[in-house]
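What you see below is based on every heavy atom in this structure, not just the backbone, and it leaves out hydrogens, waters and symmetry mates. Every chain is numbered from 1, with letters handed out A, B, ... down the list of sequences.
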Amino acid sequence: MAGRRAAIKAIDWAAFAERVPPNQRAMFNALKTRSDALSARLAALPEKPPTIDWAHYKAAVAKAGMVDEFQSKFSALKVPEPKDTQTAKIDAQEAEAAKSTAEYVQASKARIAQYEQQLQKLKSMIPFEQMTFEDLHDAFPETKLDKEKYPFWPHKPIADL
Amino acid sequence: MQAGALGGMFHSGPDASSTSSPAGGGGGCSGGGSSMAAAAAGAGPAAPPRAPAPRAPPPLARAGGRGAGRALSRELARRHLGAEAAGGHRDEGGRLAVCPVPPAMLSRLLLRAAPAALRSLPPPGAVGVLHATRPLHTTQQSLAPLPPLPEKGGEVRHGLIPEEFFQFLYPKTGVTGPYMLGTGLLLYFLSKEIYVINHETVAAACILSVIIYGVKRFGSDVAAFADKLNEEKVAKALAVKNEAIKDLETAIELEKKEQWRVEGRSYLFDAKRNNIAMLLETNYRERLLMVYNEVKKRLDYQVAMQNLKRQKEQDHMIQWVEKNVIQSITPQQQKESIAKCILDLKALSKSAQAAV
């Protein structure tokens, strides 16, 4: 019984709450209330039930052997510990989460690299005062007018003006 | 500038070699130098040979051409060497003709200095401010990105004539040189009727004066307005660029924050496992408690049953005894017991009276 105590880890709810994104706050609150209710219930129950005073009962009960019988059966009785069916599922969930996390972090890093590249390009640009139109088209390819597709001025659909 | 370069070299030549040349020597040297510069111009490929008519003595003036120029210089040098050291005879042009320069050095200087001076000239098509020219094609490499264009164009006098022209003529003619040249040219054109005055001249004068007045009065305002338009365009582009930079930076920050968030997933699973453990523990304890309660209930029931039975037996027995006793009392015994009680009472009352 004492060994089961260690299974309950102390959770830093404050740190946990920090990391929760705002769109999942409701779920987090639900989890927290559930956890708190469970821990309250646990705390209300004593760890060991009080022992039965066999001597008193032996003296009180007239029927012979009844108390002895009860006592022997009681000490022989082993209350089975409830089976843990869900932890395996949780572990599986955790493994899956680790995998998807790794993927997400990978994608995130790729995105960051992209952003960094763009940032670098923008920061190392020559100032606009010293640019020619060619330089502008090199720096921002979307400003380039497509003279093959629209050979006549203004080289872009009228709706885009 | 060509003349200036050569003249400078000439000036340094005599200054180095002369020991105590009088100030006039310098003046004579400059006079001789300019004539020699003119001769050197004849020696150079670009400048046309110019006869040094007003300065040299008349018999030598008739000589022209390249080779003659060199001979001319040598003649002049020889002539001037023959003059006295201190003071000197004045030329007809009012210039001192003393110039103590060895002729061989002069000719060598001419031969060497001309091409070098010509090469050091800035290219004629250079766009540049007077004091800062844009270096085009000075090295083999091509500069990329190109260095920025200068902010202002070359300085210009009277709106037409570049400042370089005045600087070019300054060493020889001083400040008024170009103006004298201009006036002379104008008078020449007018007097020779190379430019004919007709009604178009009047029209040109009126139109030009109106244009010049307009430009002078409104020029700076219009320029400022155009500059403002350009500034706005550039400012807009700059704002777009800055906003893009800011957006990218915030995006990077957000991504990093999300990565940090994701690192806290262990909390969630720990919480879940804790919940499970708590549930199991609670269940177990409840079972234990249930067992205890049930056993205790049964034992207590037995004890309570026993007690109740005992109680009932006792009550019943007491009642039965009482009932029997009352039944056994006969009327005779009742009368006797009452008489006895009265006698006892009388005795007691007597003792009580006595006690009082």
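Heavy-atom contacts from other residues, nucleotides or ligands closer than 6.0 Å to CD of Glu263(B) number more than 12. Heavy atoms of other residues, nucleotides or ligands lying less than 6.0 angstrom from CD of Glu232(B) number more than 12. Atom NZ of Lys121(A) has more than 12 heavy atoms from other residues, nucleotides or ligands within 6.0 Å. Environment of OH in Tyr170(B): sparse, with no more than 12 heavy atoms of neighbouring residues, nucleotides or ligands closer than 6.0 Å. Taking a 6.0 Å sphere around NE2 of His56(A), one finds it holds 12 or fewer heavy atoms contributed by other residues, nucleotides or ligands. The environment of Glu294(B) atom CD is dense: over 12 non-hydrogen atoms of other residues, nucleotides or ligands sit within 6.0 angstrom. Under a cut-off of 6.0 angstrom, the local environment of CD in Glu96(A) is sparse, with at most 12 non-hydrogen atoms contributed by other residues, nucleotides or ligands.
Put simply, CD on Glu281(B) and OG on Ser39(A) are 13.0 Å apart, with the number rounded to the nearest 0.5 Å. In this structure, OH on Tyr292(B) lies 14.5 Å from NZ on Lys48(A), to the nearest 0.5 angstrom. Atom CG of Asp12(A) and atom OH of Tyr267(B) lie 5.0 Å apart (nearest 0.5 Å). Going from atom CG of Leu299(B) over to atom CD1 of Ile52(A) covers 6.0 Å, rounded to the nearest 0.5 Å. Rounded to the nearest 0.5 Å, atoms CG (Leu38(A)) and CG (Asn274(B)) are 10.0 Å apart.
In terms of heavy-atom pairs under 4.5 angstrom with chain A, the leader among Glu258(B), Met278(B), Lys233(B), Lys296(B) is Met278(B). Residue with the most contacts toward chain A among Val291(B), Ile276(B), Asn230(B): Ile276(B) (heavy-atom pairs, distance under 4.5 Å). Heavy-atom pairs under 4.5 Å with chain A peak, among Leu268(B), Leu279(B), Val234(B), at Leu268(B). By number of non-hydrogen pairs under 4.5 angstrom with chain A, the leading residue of Thr282(B), Asn293(B), Val295(B), Leu289(B) is Thr282(B). When each of Thr132(A), Asp84(A), Leu136(A), Thr85(A) is checked for heavy-atom pairs under 4.5 Å with chain B, Asp84(A) comes out on top. Counting heavy-atom pairs closer than 4.5 Å to chain B, the top-ranked of the candidates Ala60(A), Pro50(A), Pro127(A) is Pro50(A).
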Inset, instruction - Kindly determine whether Tyr284(B) and Glu47(A) satisfy side-chain contact (heavy atoms from CB on, under 4.5 Å), including the steps that lead there. - result: CA-CA 10 Å; Tyr284(B) 181 67; Glu47(A) 192 176 337; over 6 Å; no

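Across all their heavy atoms, Ser35(A) and Ala271(B) have their closest contact at OG-O, 4.5 Å. Leu280(B) and Pro82(A) make their closest contact through O-CG, 3.4 Å (heavy atoms, listed as atom of the first residue, atom of the second, distance). Closest approach of Arg285(B) to Leu42(A), counting heavy atoms only: NH1-O, 3.2 Å. Shown here for Ile11(A) and Asp270(B), the closest heavy-atom pair between the two residues is CD1-C, 3.8 Å.
With hydrogens and angles left out, the side-chain atoms of Gln86(A) and Lys272(B) include no donor and acceptor closer than 3.5 Å.
Applying a 4.5 Å heavy-atom cutoff, the residues of residues 300-310 of chain B that approach chain A are Asp300(B), Gln302(B), Val303(B), Gln306(B). Chain A is approached within less than 4.5 Å, heavy atom to heavy atom, by Leu248(B), Glu249(B), Ala251(B), Ile252(B), Glu255(B), Lys256(B) from residues 248-257 of chain B, ordered by number. Contact residues of residues 106-116 of chain A toward chain B are Ser108(A), Lys109(A), Arg111(A), Ile112(A), Tyr115(A), Glu116(A) (heavy-atom distance under 4.5 Å). Contacts between residues 209-223 of chain B and chain A, defined by a heavy-atom separation under 4.5 Å, are made by no residue at all.
For chain B, no part of Phe28(A) is nearby; none of its heavy atoms comes within less than 4.5 Å. Proximity to chain B is absent for every atom of Ala44(A), based on heavy atoms less than 4.5 angstrom apart. The contact between Met66(A) and chain B is made entirely by side chain atoms (from C-beta outward), counting heavy-atom distances below 4.5 Å. Looking at Tyr57(A), the atoms closer than 4.5 Å to chain B (heavy atoms on both sides) all sit in the side chain, from C-beta outward.
Contact check for Glu18(A) versus Trp260(B): side-chain heavy atoms found under the 4.5 Å cut-off. Taking the side chain as every heavy atom from C-beta outward, Arg41(A) and Glu286(B) approach each other to under 4.5 Å. In this structure the side chain of Asn242(B) never reaches within 4.5 angstrom of the side chain of Leu122(A), judged on heavy atoms. Proximity of Phe128(A) to Lys241(B): side-chain heavy atoms (C-beta onward) are separated by under 4.5 Å at one or more points. Residues Glu81(A) and Asn283(B) are not in side-chain contact: their nearest non-hydrogen atoms beyond the backbone lie 4.5 Å or more apart. The shortest side-chain heavy-atom distance between Pro49(A) and Met290(B) does not fall under the 4.5 Å cut-off.
One finds a salt bridge joining Arg273(B) and Glu94(A) here, because a Lys/Arg side-chain nitrogen approaches an Asp/Glu carboxylate oxygen to under 4.0 Å.
For the pair Arg261(B) (side chain) and Val20(A) (backbone), a donor-acceptor distance under 3.5 Å is present.
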